[in-house]
Structures are given as structure tokens and as C-alpha cells.
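Please read the structure below before turning to the comments.
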Amino acid sequence: MPHQLPADYYLDNFRQLLDFVAERYWPLLNAREQGFHRRLTGMPREAQMLYVRLLSRRGEYFLQRKLTYPEIGNVPAAADILACNQLLERNPKLGLEQACALLTKADICHRLELSPSPGRGVLLQGLDSDPRGHPTIISRLLSGEVVYRVLDSDLFTTFKLCFFGNLRQDLTDFVLRDLGLFRYENYPLEQRQLLFYQRAQIDQHLQYYRSVEQLDAVLQSDTATILTLWQELPPMQADDPVLNRRLQRLGNTLARQLERLGAAQQALDIYRQLQQPPARERCARILAARGDLAGSLQLCKAMIAAPANEAERHFAAEFGYRQARKKGIDWPSPQRYQPPLQRLELKAAGIRVELASAHHLAADGDCHYVENSLLNGMLGLLIWDIVFAPVRGAFFNPFQAAPSDFYDPGFISRRGQLLQRRLSETTNPGAMAKIVLARFESKYGISNPLVNWSGLSETLLRQALERIPLDHWQVMLRRLLSDLKQHRSGMPDLVHFPSEGGYEWIEVKGPGDRLQKNQRRWLAFFATQSIPHRVLHVDWLAA
DNA sequence: AGTACCAAGG
DNA sequence: TTCACACTGTCCC
DNA sequence: GACAGTGTGTCTCCTTGGTACTGA
Ligand SMILES: [Mn+2]
Ligand SMILES: [Mn+2]
């Protein structure tokens with residue numbers, strides 16, 4: 001783990017990425033992308049370095065005088081080579097806004113002989129209607145400057161997508177890894193089953209990301225704009241679960257905003273194309289709100305018959321009951337679990353209510369503010385090797401914190417045997433502790449989707465392993481595994497280890513706070529398994 | 001002069 | 001690139 | 001009590017230097 005990088009580290013990283021993709025995806029790359037790779041790799045090192053430097057900066061236009069890269073040496077010479085290879089344009093046509101973006105406010109005022117009066121925004125607005133006209137202003141602004149425009153950066157985007165499988169990671173991930181700031185498990189890389197196996201998939205993912213770029217603006221906009229975005233998205237592909245997941249999530253977001261704008265029918269039209277929650281729940285609500293009770297109840301029944309997850313089943317049972325009761329229709333009444341409740345008054349101390357409660361309980365034994373990190377972390381450590389098992393298509397680049405299928409239900413079924421065996425093999429507390437503590441030590445700091453390292457300590461793990469009986473671990477971890485996505489949250493705030501032994505889960509509620517649905521479900525589960533738990537309702541005593 | 005913010009970079 | 005949780009306000013029974 | 005919307009801490013780094021803006 002070298003903490004000192006070579007001067008041209010960024011080119012090495014860039015070439016690793018580019019060559020990795022060229023090697024594996026060559027047949028899927030189009031002529032432009034193949035040509036891009038050939039042009040780049042055919043140039044002298046200095047020119048490649050400058051190109052990478054430009055790509056890593058914001059925007060596509062640059063002033064030559066602002067580019068100071070000692071490790072490149074002669075930047076203008078490198079730029080000439082880039083220009084010969086159509087990777088850079090010298091002195092391109094610039095609009096007024098683009099020209100101004102290159103200069104400081106002081107530069108602009110000086111060159112146009114304006115007083116540096118108001119703010120930059122006002123100044124630029126005034127320039128737009130300046131009597132001298134845009135072309136004159138631009139040429140005065142840029143006289144004596146050499147401007148570069150970097151070309152074909154969109155092709156690099158395609159390479160990044162193929163490499164990472166997403167557009168949220170980029171070259172900085174290489175740097176952070178090499179500096180030891182991000183650590184990834186050392187899993188064997190998939191050689192044959194890559195993320196993409198058809199050209200169309202690449203274009204579909206690119207289209208998805210183009211749409212996502214507009215998402216913020218579109219959500220602020222009107223119904224028609226939102227619908228347009230939805231229609232421009234690539235269609236769902238049954239054989240591309242990653243794309244499917246992204247589209248489902250985006251669809252739910254767009255439809256939800258349509259609801260807020262009062263476009264219930266259009267929202268419904270989108271929700272009906274989605275399988276991923278909360279689509280059906282939203283449909284049931286919309287139908288009920290528009291008075292279609294029969295439709296709403298029918299949907300609730302369908303959800304109960306084949307729930308996408310536990311939350312959907314609970315929703316359908318309760319919502320259906322409330323709707324049905326209004327009209328006197330028969331509907332099984334859902335039973336609601338009431339967890340044991342204790343009241344407590346604490347002196348207002350200006351700290352979070354969970355911490356204040358933990359401190360109070362620590363008068364008798366130890367108490368940790370863990371929320372989800374204990375149970376998730378324990379599972380992550382126990383099944384570490386299974387999470388990173390070389391399942392078909394799971395790992396296709398060295399920068400993955402999780403296998404590519406971690407967030408879909410197939411994750412469990414594809415590793416079902418391994419998981420079952422691990423849990424059933426863990427027949428005594430010593431065996432579990434041995435695995436977990438060894439992993440805690442050997443894997444500390446390595447990214448794992450289940451492990452939040454800052455929420456774990458050896459003390460906590462040891463105490464939890466000692467106090468919580470093995471059969472409790474078994475049932476809690478099995479529940480967690482049964483739906484990782486959903487059960488990963490909602491666990492109680494505190495775990496308390498009293499002096500006289502044993503343990504208890506405690507969910508703290510301050511004034512005005514209520515149990516959330518997923519918290520209620522975990523507590524109800526604890527009750528069915530005789531796992532000790534309690535809700536602690538805290539009121540503040542005036543100081 | 002003090003600041004808040006952000007781009008660049010390792 | 002969020003996500004999970006807490007908090008606030010509204011509406012309805 | 002149900003629900004929606006908003007706020008908060010946090011996430012996946014940390015430092016540096018430039019810029020624009022503010023108020024003395
Ligand atoms: Mn909590
Ligand atoms: Mn709580």
C-alpha cells in the first residue's frame with residue numbers, strides 16, 4: 001500500500017481502465033470507441049497524460065495558461081499531438097457564457113473596462129445585453145488567450161460504464177484504493193461472464209444515466225416533463241437485472257412525484273408497469289383515494305396472496321382492513337403487536353436521546369448504541385467468504401464492495417447451500433465467535449455491504465457473542481438473510497448487557513417519536529422468538 | 001481581513 | 001450517492 | 001393513529017489554494 005504515488009499515476013490508472021475494457025469488451029465496442037482506444041494508445045505518453053488531466057477537470061474548455069503540469073513538461077506540444085489525433089480542439093468557438101466561465105470576475109471587468117461593481121451574476125447578466133455585441137465581447141475577453149476544448153470525453157464515459165458497471169465510480173477510486181483509503185476484498189475476477197454481453201445493453205445503461213442526469217431538474221418540473229423522461233427511458237429487460245433494478249427505482253420516484261402533482265392516473269400507469277415495492281402499495285392508495293374501493297381491495301388481496309416482501313404483506317393486511325371496515329365489508333382484522341413499554345425521565349443534557357438512555361442503562365452493566373450495525377455486522381463477518389464467493393458474474397472489476405447481485409433476491413438462492421451450511425455448522429457459540437472474531441481482525445476496514453466498521457468494536461462483538469444465545473443468533477440472522485434489502489434496517493437502537501447477565505434489545509423513543517413500521521416488525525419477530533426486548537419512552541426533565 | 005464554497009489533486 | 005431515522009404538521013376517526 | 005414532508009447525521013478521503021462576497 002504505497003502512500004507515495006508516482007508522478008504519472010493517473011495515466012497508469014487510466015490505461016488500466018481502458019485496456020481492461022478493450023480486452024474484454026472489444027467485440028461490443030463500436031467503431032468510434034475502438035478508434036478512441038487506438039488513437040489514445042498510439043500517442044506519446046505526455047499527450048496521453050494531458051488528455052487524462054483534462055478529462056479529470058470540470059467542463060470541456062480550458063485556458064492554456066491555467067494548465068501547469070510539471071510532470072508533463074511541454075503542455076502546448078502535448079496539446080498539438082492531441083489536436084492531431086482529434087482529441088482536442090485549439091481555440092474553439094465559444095459562447096459568451098462559456099468564455100466568461102473561463103475567467104475570473106476581475107479578468108472580465110478589466111478586459112471590458114467595466115467597473116467591478118456588483119456581483120458576478122449581475123455582471124454576466126448585463127454583458128448579455130451589452131451594446132458591443134457578443135462576438136466583440138468574446139474576442140476581447142479571450143484576446144491573447146489560447147483555449148483548448150477536450151473532445152470525445154463521452155467515449156471515456158462508455159469505457160467507465162463498462163469497467164465499473166455504473167457511472168458513480170471513476171478514476172479517483174483507483175487513487176483512493178492506492179492510498180489505502182478505500183479497501184476492497186481481493187476476490188477472483190470473472191473472466192467470462194461480464195456485466196454486458198450485448199451492445200444494446202451498453203446503450204440502454206448509457207441512456208438510463210443520461211436521464212438520471214436530468215432527474216433533479218425534471219422532478220422540480222411539471223407532469224409532462226416527468227412523463228417525457230419516463231418515455232425516453234430504455235424498456236425493462238428481463239435479462240438485465242441490474243438495469244431492471246435501476247429502472248424500477250427510477251419509475252417509483254417519478255410516479256411518486258406525479259402523485260404529488262395531482263396526476264394520479266399517470267402515476268398509476270407507471271406504477272402498474274413496476275413490480276418493485278412500493279409500486280403496488282401506491283396503486284392501492286390511489287385507487288382507494290379515487291373511490292375505487294373494489295379495485296383497491298382486490299389489489300390488497302393480490303398482495304397478501306403473493307407479497308413482494310413482508311412490508312407489502314403488512315400494508316395490504318392493514319390498509320385493506322381499514323378500507324373494508326369503512327364500507328362494512330368483511331376483512332380479517334390484522335393483529336398488531338404491542339411491545340413492552342417502559343417510561344423514563346432523564347435530565348436534558350443536550351445529547352441524543354439514544355446516547356442519554358444508553359448512558360443511563362450503563363449504570364447496570366454495559367449498553368451500546370448499535371442500531372443496525374451489530375446484527376448486520378455479525379452476519380457480514382460470519383458469512384464474509386460467502387458474500388465474496390466467486391459466483392458466476394458476481395465480480396467483474398476490482399472495485400466492488402459487493403457482488404453485483406447482492407441487492408436482488410437471487411443473491412440468497414444462488415448461495416443458498418453455502419449459507420445453510422454455514423448457519424447449520426455454527427452449532428456452538430465458540431465456533432461462531434471464532435469465525436467472527438478472526439474475520440474482524442483479518443478483514444478490518446475492507447468494504448462489505450453488511451459491515452459498518454465504525455459501528456463495531458472487538459469489545460462489543462465479544463460481549464454480544466457471550467451474552468446472546470446461539471439459537472437467538474440463528475433465528476435473527478436467518479430472518480435477516482430471508483430479505484437482506486428489507487430486514488437490514490429497523491433494528492433497535494440499543495443492546496443492553498446487565499451486570500447479572502443476559503441481554504435486551506431496547507428501542508428508544510423520545511418525546512413525539514413513534515415506532516416505525518420496520519421497527520415494529522423486528523420487535524414482533526423478537527416476541528415470537530422470546531428474544532428480550534423493550535421500548536423505552538424517554539421524557540426530558542427540565543434542567 | 002475574514003468567510004464560505006468549491007475545484008483540483010494525491 | 002444515498003439511506004435510515006427522527007421530527008413536524010395535517011387530517012381523520 | 002396514519003400519512004406526508006422535511007431535517008439530520010452519515011455515507012466513501014483529506015488538504016490546499018483560488019474565488020467571490022461580506023462587512024469593517
Ligand atoms: Mn434509532
Ligand atoms: Mn429510536
With both distances under 3.5 Å as the test, what is the Watson-Crick or G-U wobble partner of C:dT10?
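Partner of C:dT10: D:dA2.
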
Would you mind pulling out the nucleotide paired to D:dC11, Watson-Crick or G-U wobble, both distances under 3.5 Å?
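Its partner: none found.
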
What is the distance from [atom1] of [X] to [atom2] of [N], rounded to the nearest Å?
X	N	atom1	atom2	answer
A:F182	C:dT1	CZ	C1'	12 Å
A:D107	D:dG18	CG	C1'	12 Å
A:D216	C:dT1	CG	C1'	11 Å
A:D513	D:dT8	CG	C1'	13 Å
A:L176	D:dT15	CG	C1'	13 Å
A:R57	B:dA8	CZ	P	6 Å
A:F174	D:dC13	CZ	P	19 Å
A:K66	B:dA7	NZ	C1'	11 Å

Looking at every strand, decide which applies to [X] at a 4.0 Å heavy-atom threshold: base, sugar-phosphate, or nothing.
X	answer
A:R53	sugar-phosphate
A:R520	nothing
A:Q169	nothing
A:D173	nothing
A:F399	nothing
A:Y69	sugar-phosphate

Tell me if the side-chain of A:R168 makes a donor-acceptor pair with the base of C:dT2, cut-off 3.5 Å, by modelled atom types.
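For A:R168, whose side chain was compared with the base of C:dT2, there is no donor-acceptor pair (under 3.5 Å).
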
[N] phosphate, OP1 or OP2, under 4.0 Å from [X] side-chain N/O:
X	N	answer
A:R249	C:dC3	yes
A:K105	D:dT19	no
A:N452	D:dT10	no
A:R285	D:dC3	yes
A:Q516	C:dA6	yes
A:N166	C:dT1	no
A:R256	D:dG5	yes
A:R488	C:dA4	yes
A:R246	C:dT2	no

Exam field: side chain A:Y187 to backbone A:Q400, donor-acceptor pair closer than 3.5 Å
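Looks like yes, one N/O pair under 3.5 Å.
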
Side chain of A:Q207, backbone of A:I202: donor and acceptor closer than 3.5 Å?
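Absent.
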
Quick check: closest heavy atoms across A:P277 and A:N309, and the distance to 0.1 Å?
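Between these two residues, the closest heavy atoms are CG-ND2, 3.6 Å.
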
Indicate the ring-plane relationship of [X] and [Y], choosing parallel, tilted or perpendicular according to the 30° and 60° boundaries.
X	Y	answer
A:W522	A:H487	perpendicular
A:F182	A:Y184	perpendicular
A:Y51	A:F14	perpendicular

Report the residue (A:V212 or A:E354) whose heavy-atom-nearest nucleotide on DNA chain C is the more 5′ of the two.
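Checking each residue's closest nucleotide, the 5'-ward one belongs to A:V212.
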
Quantified in whole Å, what is the [atom1] atom distance between nucleotide [N] and nucleotide [M]?
N	M	atom1	answer
D:dT10	D:dC14	P	13 Å
D:dT12	C:dC5	P	16 Å
D:dT8	B:dC5	P	15 Å
D:dT16	C:dT1	P	31 Å

Hey, does A:Y10 have a side-chain heavy atom less than 4.5 Å from the side chain of A:V175?
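No - every pair of side-chain heavy atoms lies 4.5 Å or more apart.
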
Considering only D:dT19, D:dG5, C:dC5, which nucleotide approaches the side chain of A:T104 most closely?
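Selected nucleotide: D:dT19.
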
To the side chain of A:K509, which of C:dA6, B:dA7, D:dA2 is closest?
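Given the options C:dA6, B:dA7, D:dA2, the side chain of A:K509 is closest to C:dA6.
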
Cation-pi check for A:W453 against A:R183: NZ or CZ below 6.0 Å from the six-membered ring centre and within 45 degrees of the axis, yes or no?
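Not satisfied by the 6.0 Å and 45° rule.
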
Nearest nucleotide by nearest heavy atom, which residue falls closer to the 5' end of DNA chain D, A:R322 or A:R352?
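So the residue in question is A:R322.
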
